[in-house]
Amino acid sequence: MRQIMMLLTSSKLLPFGQSSKLIGSHLIATLAAMLLTCCSSDSEVKAETSQTTANIGKTLIVYYSYTGNCREIVSSLTAQVEADVLEIQPAEKGLKYEANNYALGTQLLNAIKANPNDASSYPAIDPVNVSLSDYQNIIIVTPLWWSQMAAIMQTFLFNNGAQMAGKHVGLIVSSHSSGISGVVADAQRLLPSVTWAGDALWINASNHSNRASLIENWLPTQNFQTSNDMTQKLYITIGGVTKTATLVSNSSTEALVAQLQQGDITYEAHDYGNFEKVGDMGHSFPQNNEQITTEPGDLILYQGSNLCIYYDTNSWNFTRIGRLDYMTQADIKQWVNAGGGNVTVTLSLNNTTAVHRVTTKAATSDKFISLNGTHTKMPSKGVYIDNCKKIIK
Ligand SMILES: Cc1cc2nc3c(=O)[nH]c(=O)nc-3n(C[C@H](O)[C@H](O)[C@H](O)COP(=O)(O)O)c2cc1C
């Protein structure tokens, strides 16, 4: 289970149906910072520094929900992740997006599609009083409309995409049954500069009741930053393939990063115990040993100079260095060539070859959806959705 599950235990759910008021610790921190600002410039620097440190690892859930499914998803999410919650509300109340064969929903999306770079193409939303700089991780929970991101959520991302640059962002999409690749494409267009935490989670009518376990399985696949993570990424190359890893923050990783600033480290590694690829880096680093039961993807420092890349579990007293990003156990085994003998490993602080993308599960294309959102056989007459397209017969 990844660190976010261990460190984050309860949630501060903000009042739904209000214009996005953030309460609690942030307000107190902001007031305290304002007070300090009045006192002296020295205090100002200290207040800013401590707030920046505190923000690392903080999570915000942003959602929009028209018929309540995304709201239920958020409730399940907040039972598992400590996060602040922000609900996006359309400025115009009481609209029926599904009326007249979903004419209004279609109209809003068509306006965005016609001029996606023009702010006036997006439907107005209530003011959002959240300081995105307070958060390192953002989870977006949005409905799918006509195989695109619901227009109301698109407005929020259009307005705030620049402030979200560099954040670790996860995406959960709720649809009746249509696949979510169009919503992922919208998210990528609206948030070109974020770090996607991993694959988007698709929740639909047939698995909505299992949302708690879907979320439980999805969260560990997301590389959300925790307060114990370093922002500096480690790049590891084996067999010409480079992967990224998130480093934890301790004196061992600080020394490793300092060494890597002098140049890359290349060493030979071999399999050990059917659970790790290990090799001597040729440098000795401080140890912060503790009893650890490893998981696939863990990076461990053993006896100060050996780096172990774990592809299975082992319990020992050694030092946690970090973890590989975005990789399944099968991916790791293949990459390290588990059981395949010696490999050359290169560690670096820079990389130009690693590719990070959000991918989605395949769309279902063999179902028809009536306009009240239920599955249907191909109707002989009427309006229905076939493979994300509106058909009128
Ligand atoms: C305007 C509109 C268009 C929709 N288009 C689709 C669609 O193309 N495919 C689909 O599977 N569901 C579609 N839906 C259904 C929603 O994606 C689904 O019910 C979702 O769970 C709604 O989330 P919410 O209850 O949080 O609003 C549409 C709903 C609306 C209101």
Side-chain angles (χ1 to χ4, degrees), residues 17-20 60-67 69-71 74 86-133 135 138-167 169-176 178-196 200 202 357-358 360 363 369 371 373 383 385-392:
Q18 295 184 17
S19 62
S20 322
L60 176 69
I61 298 168
V62 183
Y63 83 100
Y64 166 65
S65 185
Y66 176 51
T67 55
N69 292 336
C70 287
R71 184 170 295 118
V74 169
L86 173 66
E87 181 181 8
I88 307 303
Q89 297 269 9
E92 208 173 339
K93 310 298 178 202
L95 292 177
K96 299 272 176 235
Y97 300 107
E98 75 286 18
N100 300 324
N101 293 332
Y102 291 58
L104 180 55
T106 310
Q107 188 187 318
L108 294 177
L109 292 165
N110 284 347
I112 294 173
K113 252 201 267 182
N115 280 305
N117 298 323
D118 184 348
S120 67
S121 309
Y122 293 79
I125 58 174
D126 279 349
V128 171
N129 299 318
V130 59
S131 169
L132 291 171
S133 60
Y135 300 93
I138 298 177
I139 304 176
I140 299 161
V141 184
T142 180
L144 168 150
W145 285 4
W146 292 114
S147 301
Q148 295 151 71
M149 183 183 290
I152 308 301
M153 179 58 85
Q154 291 207 38
T155 304
F156 174 79
L157 299 187
F158 180 84
N159 293 347
N160 295 283
Q163 290 93 299
M164 289 168 70
K167 309 274 178 206
V169 179
L171 179 65
I172 301 180
V173 183
S174 171
S175 75
H176 181 270
S178 295
I180 65 171
S181 56
V183 182
V184 171
D186 286 331
Q188 289 172 331
R189 167 176 57 81
L190 292 157
L191 302 175
S193 312
V194 304
T195 299
W196 291 102
W202 175 22
R357 297 184 289 195
V358 173
T360 64
I369 310 159
L371 285 167
V383 184
I385 301 165
D386 175 16
N387 193 21
C388 314
K389 289 192 187 69
K390 182 175 167 182
I391 310 284
I392 303 171

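Computed from a prediction, not measured in an experiment: that's the story for all the values here.
With sequence neighbours left out, the side-chain hydrogen bond (donor to acceptor under 3.5 Å, both in side chains) criterion links Asp118 to Ser120. Scanning for ring-ring contact (aromatic ring centres under 6.0 Å, His included) contacts around Tyr97 gives Tyr66, Trp145, with sequence neighbours left out. Among residues two or more places apart in sequence or in another chain, the side-chain hydrogen bond (donor to acceptor under 3.5 Å, both in side chains) test is passed with Ser174 by none. For Thr155, the side chain to side chain contact (heavy atoms under 4.5 Å, CB included) test picks out Tyr122, Pro123, Ile125, Asn159, with sequence neighbours left out. Partners of Ser193 by side-chain hydrogen bond (donor to acceptor under 3.5 Å, both in side chains), not counting sequence neighbours: none found.
Taking both residues in full, the closest heavy atoms of Met149 and Leu109 are given as O-CD2, 3.4 Å, listed atom of the first, atom of the second, then distance. Here the closest non-hydrogen pair linking Asn101 and Trp146 is O-CZ2, 4.2 Å. Nearest approach of Ser178 to Trp202, heavy atoms of both residues: O-CZ2, 3.3 Å. Minimum heavy-atom separation, Ile112 to Ala151: CD1-CB, 3.9 Å. Heavy atoms only, all atoms of each residue included: Ile152 and Pro90 are closest at CD1-CB, 3.7 Å.
Looking only at side-chain heavy atoms (C-beta outward), Asn110 and Gln148 stay at 4.5 Å or farther from each other. In this structure, the side chains of Met164 and Val62 stay at 4.5 Å or more apart for every pair of heavy atoms. Taking the side chain as every heavy atom from C-beta outward, Ile140 and Phe156 never approach each other to under 4.5 Å. Contact of the Leu191 side chain with the Lys167 side chain is not registered, since no non-hydrogen atoms from C-beta on lie closer than 4.5 Å.
With values rounded to the nearest 0.5 angstrom, Ile88 atom CD1 is found 12.0 Å from Ser65 atom OG. The CG atom of Leu132 sits 5.0 Å away from the CD1 atom of Ile138 when rounded to the nearest 0.5 Å. Distance check: His176 NE2 to Leu144 CG gives 11.5 Å after rounding to the nearest 0.5 Å. Taken from SG in Cys70 to CD1 in Ile61, the straight-line distance is 12.0 Å, to the nearest 0.5 Å. Here the CG atom belonging to Asn100 is positioned 9.5 Å from the CD atom belonging to Glu98, to the nearest 0.5 angstrom. Atom OG of Ser133 and atom CD of Gln163 lie 9.0 Å apart (nearest 0.5 Å).
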Just do the side-chain contact (heavy atoms from CB on, under 4.5 Å) check on Trp196 and Val169 with the steps written out, would you? CA-CA 5 Å; Trp196 291 102; Val169 179; 3.6 Å; yes
Which is it for Thr142 and Leu171 under the side-chain contact (heavy atoms from CB on, under 4.5 Å) test, yes or no, and what are the steps along the way? CA-CA 8 Å; Thr142 180; Leu171 179 65; 4.1 Å; yes
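Listed by first and then second residue, the salt bridge (charged side-chain N to carboxylate O under 4.0 Å, His left out) pairs involving residues 178-194 are Asp186-Arg189 (not counting sequence neighbours).
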